[in-house]
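Everything on this sheet refers to the single structure shown next.
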Amino acid sequence: MESKNYANIIVFTGLLAAASAIINADLYDGTWSEVATIAAAIMIPVTAYFNRKNVALSFLLPLFFTTIVVRNADQHDWSMIGWIAAISYLPLLAQCVVVMRRTFIKEGPTETALSMLRIFIGMNWLTHCTEKLFVSSHDAGLVNFFANGFGNLVVGHPLTDSTANILIVLGGLVELATAISLGLGVLSRFGAFMSAGYLIVAQIVGGHFAVGYTWILPGGGWELAFYYFMVTIPFMLPNVGGSVALERMKFARS
């Protein structure tokens with residue numbers, strides 16, 4: 001019996017997200033955040049529609065763009081946009097069950113577990129890059145951290161705001177590339193290497209090693225980053241990325 005396919009529902013909820021992103025354009029903090037958020041919202045129904053016959057692609061790609069919209073809206077209190085876009089997570093969850101069930105039947109429990117873990121780790125990077133790449137102006141606290149924290153630690157003196165903004169964008173690009181690589185399964189071994197290296201640098205620059213291990217300590221310890229580091233490292237090994245990945249063309253054609 002053929003598995004269910006919720007792609008058409010994702011198209012519908014994606015259209016609602018796109019409409020909300022367009023109608024509530026007055027909420028954005030500038031032209032770039034408007035363009036980026038609306039473009040990501042439009043890509044939800046577009047990627048679901050054109051890949052509606054492939055349960056894997058109609059899950060991965062809309063999930064990627066939905067997460068961008070929801071996270072960008074969430075961190076800026078664009079509540080209407082965020083809540084409407086989040087509706088897509090319901091059919092996406094159902095599609096996830098279909099994809100993982102099919103993977104379990106065809107590939108076995110190991111491939112299923114690896115796919116689930118890799119996708120979660122990769123998509124989580126989107127929650128970090130949105131604040132760096134898809135806003136018209138960066139948060140003052142973030143700029144201050146890069147200008148003073150990073151500047152004093154690396155070069156010995158505070159950086160200008162313009163230099164700090166450049167570093168923020170560069171960091172966001174690395175995070176976005178990691179999300180694409182691990183989350184979508186594109187050169188995932190390289191993505192795991194990039195992710196692990198970035199986590200180490202971020203903890204050093206952020207001063208988290210000096211704070212201590214426990215994450216809830218004032219200033220944040222290195223516990224959480226170490227967790228993500230350890231669950232990312234295995235994906236640097238060959239043939240452990242899981243079959244729900246764009247790089248696994250055998251699955252993409254199924």
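Side-chain atoms of Thr47 and Leu57, non-hydrogen and from C-beta on, never get closer than 4.5 Å to each other. Between Leu182 and Ser195 there is a side-chain heavy-atom pair separated by less than 4.5 Å. In this structure the side chain of Val244 never reaches within 4.5 angstrom of the side chain of Arg248, judged on heavy atoms. Within the 4.5 Å cutoff, the side chain of Leu199 has no heavy atoms near those of the Phe226 side chain. Between Asn5 and Val98, the closest side-chain pair of non-hydrogen atoms is not below 4.5 Å. Within the 4.5 Å cutoff, the side chain of Tyr28 has no heavy atoms near those of the Val135 side chain.
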Give the intermediate values and the outcome of side-chain contact (heavy atoms from CB on, under 4.5 Å) for residues Gln75 and Thr127. CA-CA 9 Å; Gln75 66 191 6; Thr127 67; over 6 Å; no
Could you walk me through whether Trp222 and Phe229 pass the ring pair (Phe, Tyr, Trp, His ring centres under 6.0 Å) check? CA-CA 10 Å; Trp222 48 279; Phe229 176 84; 10.0 Å; no
Audit row: Leu126, Leu176, side-chain contact (heavy atoms from CB on, under 4.5 Å) steps and yes/no: CA-CA 6 Å; Leu126 289 176; Leu176 178 60; 4.0 Å; yes
Derivation and outcome, side-chain contact (heavy atoms from CB on, under 4.5 Å), residues Glu131 and Arg71: CA-CA 8 Å; Glu131 65 181 353; Arg71 172 56 177 162; 4.2 Å; yes
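A donor-acceptor pair is defined here as one N or O able to donate and one able to accept, closer than 3.5 Å; no such pair exists between the side chain of Asn51 and the backbone of Asn54. For the pair Ser181 (side chain) and Ala177 (backbone), a donor-acceptor distance under 3.5 Å is absent. Although no hydrogens or angles enter the test, the distance criterion places no donor-acceptor pair under 3.5 Å between the side chain of Glu34 and the main chain of Ala25. Checking side-chain atoms of Asp161 against main-chain N and O of Ala147 turns up no donor-acceptor pair under 3.5 Å. Using modelled atom types, no side-chain atom of Thr37 and backbone atom of Val69 make a donor-acceptor pair closer than 3.5 Å. Using a distance-only test at 3.5 Å, with no hydrogens or angles considered, a donor-acceptor pair links the side chain of Gln95 to the main chain of Tyr6. Between the side chain of Trp125 and the backbone N or O of Thr178 there is no donor-acceptor pair closer than 3.5 Å. Side-chain atoms of Glu175 come within 3.5 Å of backbone N or O of Cys129 as a donor-acceptor pair. With hydrogens and angles ignored, the 3.5 Å screen pairs no side-chain donor or acceptor of Arg52 with any backbone N or O of Ala7.
Val46 and Leu16 fall into different hydrophobic clusters, defined by Ile, Leu, Val, Met, Phe, Trp and Tyr side-chain heavy atoms under 4.5 Å apart, directly or through other members. Under the 4.5 Å side-chain heavy-atom criterion for Ile, Leu, Val, Met, Phe, Trp and Tyr, Tyr49 and Leu90 are members of distinct hydrophobic clusters. Under the 4.5 Å side-chain heavy-atom criterion for Ile, Leu, Val, Met, Phe, Trp and Tyr, Val231 and Phe190 are members of the same hydrophobic cluster. At a threshold of 4.5 Å between side-chain heavy atoms, the hydrophobic network of Ile, Leu, Val, Met, Phe, Trp and Tyr places Tyr227 and Met123 in one connected group. Put simply, Leu187 and Phe235 are part of the same group of oily side chains (I, L, V, M, F, W, Y) that touch within less than 4.5 Å, one to the next.
Between the side chains of Asn24 and Ser20, at least one donor-acceptor pair of N or O atoms lies under 3.5 Å. No side-chain donor from either of Thr130 and Asn72 sits under 3.5 Å from a side-chain acceptor of the other. Ser188 and Glu247 form a side-chain donor-acceptor contact under 3.5 Å, judged by distance and modelled atom types alone.
Put simply, CZ on Phe193 and CE on Met236 are 6.0 Å apart, with the number rounded to the nearest 0.5 Å. Residue Asn165 holds its CG atom at 11.0 Å from CG of Leu170, rounded to the nearest 0.5 Å. Of the inter-residue distances, the one linking Asn239 atom CG with Glu111 atom CD reads 8.5 Å to the nearest 0.5 angstrom. Separation of atoms CD1 (Ile44) and CG (Leu61) is listed at 11.5 Å; rounding is to 0.5 Å.
Within a 6.0 Å sphere centred on CE of Met116, heavy atoms belonging to other residues, nucleotides or ligands number 12 at most.
Between Trp32 and Phe134, the ring-plane angle classifies as tilted under the 30° and 60° cut-offs.
Arg101 forms no cation-pi arrangement with Phe104, by the criterion of a distance under 6.0 Å to the ring centre and an angle within 45° of the ring axis.
Residue Thr31 comes nearest to Ser136 through the heavy atom pair N-OG, 3.5 Å, listed as atom of the first residue, atom of the second, then distance.
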